[in-house]
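Reviewing the structure listed below.
Each chain gets a letter, A, B and so on, in the order its sequence line appears, and its residues count up from 1. Quick caveat: nothing in here was measured; it's all calculated off a predicted structure.
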Number of protein chains: 2
Amino acid sequence: MFNDSISTAALRRLPLYLQYLLEIRPGKHEFVSAARMATALGIHHTLVRQDLDVVGAKGFPKKGHPLEETIAAIETYFQWNSRPSAFILGAGNLARVLIGYRQFDRAGVDLLAAFDQDSRKVGTSIFGIEVLSVTKFVDLVRRMHVAIVILTLPPSAAEESVKLITESGVAAVWNFMPATLQFPDRVVVENVNLFAGLSILKKKLTESLNRKEPANEHGNGST
Amino acid sequence: MFNDSISTAALRRLPLYLQYLLEIRPGKHEFVSAARMATALGIHHTLVRQDLDVVGAKGFPKKGHPLEETIAAIETYFQWNSRPSAFILGAGNLARVLIGYRQFDRAGVDLLAAFDQDSRKVGTSIFGIEVLSVTKFVDLVRRMHVAIVILTLPPSAAEESVKLITESGVAAVWNFMPATLQFPDRVVVENVNLFAGLSILKKKLTESLNRKEPANEHGNGST
DNA sequence: TAGATTGTTAATCGATTAACAATC
DNA sequence: TAGATTGTTAATCGATTAACAATC
């Protein structure tokens, strides 16, 4: 059904295509060209075509890609083959942001519950996701066959988090904690560094200013 | 002073080195080897050496890299050459997370204030950062020569955000909003997609399960 | 000295872009 | 038909890994 291999780079772009297509859906057009998507998203048009091909979203010469079918193709791609369950460990502000965007379903992941140490949070719910006591975490991961844990605790809870993850035997961790965590080798980890983009932005900014006013030429080699 | 060119990939790794070094600082060792950093962070050891070289952090054969000097080298690298001011547009949960991590200073950016439409938030402060009315935003960007705006408003505010950014004439946008925004060409943009990592994690998870139990062989070509 | 570790250059790999053929 | 657009293959580019020399 799908072109069987996909690069991680493509995997990052697919949600952007989907987002863009959903945004223009209310419009009157039934088809969208790869070139138009490319321009809107700042991605090379050939790359857009290659990526859409991977998820099996066929286009038509002279017309473009059918909007609805392309949306369906991308959504199906993410749902396809597996739909793991997830818990979110830490019911703070970041958990609130992630749950609020409601993209778990679209990414093909079932978010079942949140966990927190704070007894004031336990029993409440965040956009329909219940907050449970962290004492139930290990047991529930096992009993409910939860595959993914999303770590949104503060860095001070690093040690405790590694212990909980390891004991629970969960297979994969999506880590937002700004700390260097050492999990057992069997655990699949994807680290998210919220601040990584800032230094890249600063670099781009400096470059763009240098391009406009190449004045300051007193001996620093920054580009 | 610094090796003058740096790849964006290296720029993403530097904060990880810094984080790791700060974590082990309380320990007894004065030196740390590239190999040890590499193992802890899951990065190739040669790459660690190349990256440290870029920021001018010298190492010593047989000893390794001096902990304090290496920390100082990375911090100096980010501070060096420019220290732009920033506003954060949107004083919600995500703003709270970003401000709470206190990494702006370390990244060489001065966060001056937050802005929100909600009059209940105006006048409050988030970890010492004042929340001002969004009506003052455009004027203050200009008067205070703010270079970077951090967009943490919900996607429903997409149109309004583009208007504010464009009117203010700010040079760079660090965008956390899950929406396809079209800024004037002169604006430097770095988009952060909070959910991008989830599909990559799902892919890694599927691959690791396939490796362990290559049972399910009924005709799907996923790898 | 021998060995551990850095630092540098070359080879490989993966991802993007360019060129162009296919098609409606 | 001519032209717009897709789809595919080849060329280029950038980033990672491997090989190895330098050094304390």
Side-chain angles (χ1 to χ4, degrees), chain A residues 2-17 21 24 29-67 69-70 73-74 191 193 196 199-200 203-204 207 223, chain B residues 1-14 16-17 21 24 29-67 69-70 73-74 191 193 196 199-200 203-204 207 223:
Chain A
F2 300 117
N3 207 329
D4 63 354
S5 75
I6 187 166
S7 68
T8 60
L11 224 30
R12 282 183 180 278
R13 287 188 297 264
L14 284 175
L16 300 180
Y17 301 144
L21 296 173
I24 63 167
H29 298 290
E30 248 181 90
F31 289 83
V32 58
S33 74
R36 192 153 153 249
M37 293 178 69
T39 306
L41 295 165
I43 294 171
H44 198 280
H45 63 102
T46 299
L47 206 40
V48 174
R49 274 188 223 106
Q50 287 171 350
D51 290 343
L52 292 181
D53 183 54
V54 169
V55 299
K58 286 279 165 192
F60 298 92
K62 181 103 171 120
K63 287 178 167 175
H65 292 261
L67 193 57
E69 283 176 39
T70 308
I74 299 174
N191 291 303
N193 182 348
S199 34
I200 292 162
K203 185 199 176 197
K204 284 185 188 172
E207 279 173 0
T223 46
Chain B
M1 179 171 186
F2 301 115
N3 208 327
D4 63 353
S5 75
I6 187 166
S7 68
T8 59
L11 224 32
R12 282 182 181 279
R13 286 186 298 263
L14 284 175
L16 300 180
Y17 302 144
L21 296 172
I24 63 167
H29 298 290
E30 248 181 90
F31 290 83
V32 58
S33 74
R36 192 155 152 248
M37 293 178 69
T39 306
L41 295 165
I43 294 171
H44 198 279
H45 64 102
T46 299
L47 205 41
V48 174
R49 276 189 221 105
Q50 287 173 348
D51 290 343
L52 292 180
D53 184 54
V54 169
V55 300
K58 284 281 165 190
F60 299 91
K62 181 102 172 119
K63 287 176 166 177
H65 292 261
L67 193 58
E69 283 176 40
T70 306
I74 299 174
N191 292 304
N193 182 349
S199 35
I200 292 161
K203 186 200 176 197
K204 283 185 188 172
E207 279 174 1
T223 44

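Residues H29(B) and L67(B) have side chains not in contact (no heavy-atom distance under 4.5 Å, counting atoms from C-beta outward).
Put simply, the side chain of Q50(B) and the base of dT6(C) share no donor and acceptor less than 3.5 Å apart.
In this entry dT8(D) has dA19(C) as its Watson-Crick or G-U wobble partner, both defining distances falling under 3.5 Å. Checking dC24(D) for Watson-Crick or G-U wobble geometry (two distances, each under 3.5 Å) identifies dG3(C) as its partner.
Note: NZ (K203(A)) to C1' (dG14(D)) measures 11 Å, nearest angstrom. As a whole-Å value, the separation of D51(A) CG from dT17(C) P is 11 Å. Separating the CZ atom of R36(A) from the P atom of dA4(D) is a distance of 17 Å, rounded to the nearest angstrom. Taking atom NE2 of H65(B) as the reference point, atom P of dT5(C) lies 11 Å away to the nearest angstrom. Atom CZ of R49(A) and atom P of dA22(C) are 16 Å apart (whole Å). Separating the CG atom of L41(A) from the P atom of dT16(C) is a distance of 14 Å, rounded to the nearest angstrom. The distance from atom CD1 of I200(A) to atom C1' of dA15(D) is 14 Å, rounded to the nearest whole Å. Rounded to an integer number of Å, the gap from CG of L47(A) to C1' of dG7(D) is 14 Å.
Nearest to the side-chain atoms of A9(A) among the listed nucleotides dT23(C), dT5(C), dA15(C) stands dA15(C).
Rounding to the nearest 0.5 angstrom, the gap separating the NZ atom in K203(B) from the CD1 atom in I6(A) is 7.0 Å. Once rounded to the nearest 0.5 Å, the distance linking CG of D51(B) with CE of M37(B) reads 9.0 Å. Taking CZ of R12(B) as the reference point, atom OG of S7(B) lies at 10.5 Å (rounded to 0.5 Å). A distance of 8.5 Å separates CD in E30(A) from NZ in K63(A), rounded to the nearest 0.5 Å.
At the heavy-atom level, A10(B) lies nowhere under 4.0 Å from the strands shown. As judged by a 4.0 angstrom heavy-atom cut-off over every strand, R13(A) is placed among residues touching the sugar-phosphate backbone only.
The residue among T46(A) and K63(A) whose nearest nucleotide of DNA chain D lies closer to the 5′ end is K63(A). When the nearest nucleotides of DNA chain C are assigned to K62(A) and V32(B) by heavy-atom distance, the more 5′-ward of the two goes with V32(B).
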